[in-house]
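This report refers to the structure that appears directly beneath it.
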Amino acid sequence: MSQITVRSVVYQIDGQPYESRLAFDASHKGPLPGLLMAPNWMGVSAGAEEIAKSVASKGYVVLLADLYGQTVRPSNGDEAGAAMMPLKNDRVLLNKRMQVALDHLKTQTEAAVDTSKLATFGFCFGGCCSLELARTGAPLKAAVSFHGSLDTPNPADAKNIKGSVLVLHGASDPLVPKEQLPAFEDEMNAAGVDWQLLSYGGAVHSFTDPHANVPGKMMYDAKTAARAFQSMHNLLDEVFKG
């Protein structure tokens, strides 16, 4: 893996500081596609940084978005839930924080980004965030959700989606209600979106998280994780070509 640098990107939203993380190959000359990463409900964490670095090593500039604020770093599920739920219940606020992070990915000066090649990906709650950002009509070539919820308060907003959508779902995930899948398919079809939904047999929630260890509920699955990341990279190769 190439040597990936991580830098803090600090900015204000409504007078409050946010600290995202930028992962990039400092030795690379010239602009690279930019990816906005929405982390799981634990927010900006060491595990999220490792994922950002791994993805950046494939030839991207990755901004790991701080969606909670510089002082909010959950250390357990209760704290994570308290930070997440206000955003999950207010998609306008969620989208504002995602959009500001995307703007900073494009305008930061640490690493050159080809702003004609932008995409977003996210995990669990972050998957929801990535799909919602796409529904705003943000200039994204792709939006990718790993084991994320698929519901949205405004399904008609899918008509705004400009790029391809990829959902990577654990077929045995008890935390994503099964009725969300056909609803999502209907939403995408009605809007004429280029979409894919890959359902991995036997996988439950958090299958990409090496620290997930709640059998039957949230569990790491190395084989499924590798397949899912490969599917994302295949799509990014396709949408960014040329």
Side-chain angles (χ1 to χ4, degrees), residues 9 11 13-14 16 18-23 34-45 47-49 51-52 55 60 62-70 72-74 77 79-106 118-155 157-158 160-169 173 175-176 180 184 187-188 193 195 197 205-209 228 232 235-236:
V9 178
Y11 48 88
I13 302 177
D14 297 329
Q16 298 299 314
Y18 290 72
E19 185 177 349
S20 295
R21 297 278 198 272
L22 190 74
L35 305 182
L36 179 65
M37 175 182 159
N40 67 17
W41 69 339
M42 296 304 290
V44 175
S45 65
E49 258 189 46
I51 293 173
V55 173
Y60 304 105
V62 178
L63 186 73
L64 166 58
D66 178 5
L67 299 176
Y68 296 156
Q70 190 178 37
V72 182
R73 295 291 184 264
E79 292 176 0
M84 174 185 73
M85 288 311 297
L87 290 177
K88 198 150 193 186
N89 293 331
D90 186 345
R91 302 297 173 94
V92 173
L93 181 60
L94 183 159
N95 282 327
K96 180 178 183 179
R97 294 185 185 178
M98 285 288 285
Q99 184 62 59
V100 172
L102 181 65
D103 290 343
H104 280 276
L105 170 62
K106 293 191 290 184
L118 300 172
T120 181
F121 68 105
F123 302 85
C124 305
F125 168 60
C128 166
C129 296
S130 290
L131 295 179
E132 285 292 356
L133 181 62
R135 292 181 179 109
T136 69
L140 302 167
K141 296 291 188 184
V144 182
S145 168
F146 292 80
H147 40 80
S149 59
L150 306 176
D151 62 311
T152 180
N154 300 299
D157 288 347
N160 301 319
I161 295 175
K162 291 182 164 59
S164 301
V165 170
L166 173 62
V167 168
L168 303 159
H169 172 70
D173 187 339
L175 301 185
V176 178
Q180 288 188 9
F184 170 78
E187 174 197 356
M188 294 292 110
V193 175
W195 66 276
L197 191 159
H205 203 63
S206 301
F207 60 76
T208 62
D209 183 354
M232 178 179 78
L235 177 63
L236 295 178

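Just so it is clear, the structure is predicted and the values come from calculations on it, not from any experiment. Note that the numbering runs from 1 along the sequence shown for the chain.
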Would you say the side chains of [X] and [Y] form a donor-acceptor pair under 3.5 Å?
{"X": "H104", "Y": "S20", "answer": "no"}
{"X": "S149", "Y": "Q180", "answer": "no"}
{"X": "D103", "Y": "Q99", "answer": "yes"}

Contacts of type side-chain contact (heavy atoms from CB on, under 4.5 Å), residue [X], not counting sequence neighbours:
{"X": "I13", "result": "Y11, Y18, K96, R97, V100"}
{"X": "P86", "result": "none"}
{"X": "E49", "result": "V6, R21, L64"}

Minimum heavy-atom distance [X]-[Y], with the two atoms named:
{"X": "A83", "Y": "P74", "value": "CB-CG, 4.4 Å"}
{"X": "A158", "Y": "M188", "value": "CB-CE, 3.9 Å"}
{"X": "L235", "Y": "V144", "value": "CD2-CG2, 4.3 Å"}
{"X": "E187", "Y": "P155", "value": "CG-O, 3.5 Å"}
{"X": "G148", "Y": "V176", "value": "O-CG2, 3.6 Å"}
{"X": "P139", "Y": "K106", "value": "CG-NZ, 4.4 Å"}

In Å, rounded to the nearest 0.5 Å, how long is the span from [atom1] of [X] to [atom2] of [Y]?
{"X": "L35", "Y": "L236", "atom1": "CG", "atom2": "CG", "value": "6.0 Å"}
{"X": "M42", "Y": "E79", "atom1": "CE", "atom2": "CD", "value": "7.5 Å"}
{"X": "C129", "Y": "M37", "atom1": "SG", "atom2": "CE", "value": "11.5 Å"}
{"X": "S145", "Y": "L166", "atom1": "OG", "atom2": "CG", "value": "8.5 Å"}
{"X": "H169", "Y": "L197", "atom1": "NE2", "atom2": "CG", "value": "7.0 Å"}
{"X": "L87", "Y": "L94", "atom1": "CG", "atom2": "CG", "value": "5.5 Å"}

Side chains of [X] and [Y] in contact at under 4.5 Å (non-hydrogen atoms):
{"X": "C128", "Y": "M84", "answer": "no"}
{"X": "N40", "Y": "F125", "answer": "no"}
{"X": "L22", "Y": "V62", "answer": "no"}
{"X": "T152", "Y": "L131", "answer": "no"}
{"X": "L36", "Y": "L140", "answer": "no"}

Using only atom types and a distance under 3.5 Å, with no angle test, would you say the side chain of [X] pairs donor to acceptor with the backbone of [Y]?
{"X": "N95", "Y": "V92", "value": "no"}
{"X": "S45", "Y": "A48", "value": "yes"}
{"X": "T136", "Y": "L133", "value": "yes"}
{"X": "K141", "Y": "L118", "value": "no"}

- Between T208 and H147, is a side-chain hydrogen bond (donor to acceptor under 3.5 Å, both in side chains) present by the stated rule, with each step listed? CA-CA 8 Å; T208 62; H147 40 80; 2.8 Å; yes
- Could you label the plane-to-plane angle of the F146 and F123 rings as parallel, tilted or perpendicular, counting under 30° as parallel and over 60° as perpendicular? parallel
- Item | Test log, rule side chain to side chain contact (heavy atoms under 4.5 Å, CB included), inputs I161 and R135 | CA-CA 5 Å; I161 295 175; R135 292 181 179 109; 4.1 Å; yes
- Item | Worked verdict on E19 versus D66 for side chain to side chain contact (heavy atoms under 4.5 Å, CB included) | CA-CA 6 Å; E19 185 177 349; D66 178 5; 4.2 Å; yes
- Item | Derivation of the side chain to side chain contact (heavy atoms under 4.5 Å, CB included) call for V55 and Y60 | CA-CA 7 Å; V55 173; Y60 304 105; 4.2 Å; yes
- Report the C-alpha separation of L67 and W41 in whole Å, then their side-chain angles, then the decisive distance to 0.1 Å, and conclude whether the side chain to side chain contact (heavy atoms under 4.5 Å, CB included) test is met. CA-CA 10 Å; L67 299 176; W41 69 339; over 6 Å; no
- Message: Tell me whether R91 is salt-bridged to D151, with the criterion being a basic N under 4.0 Å from an acidic carboxylate O.
- Response: yes
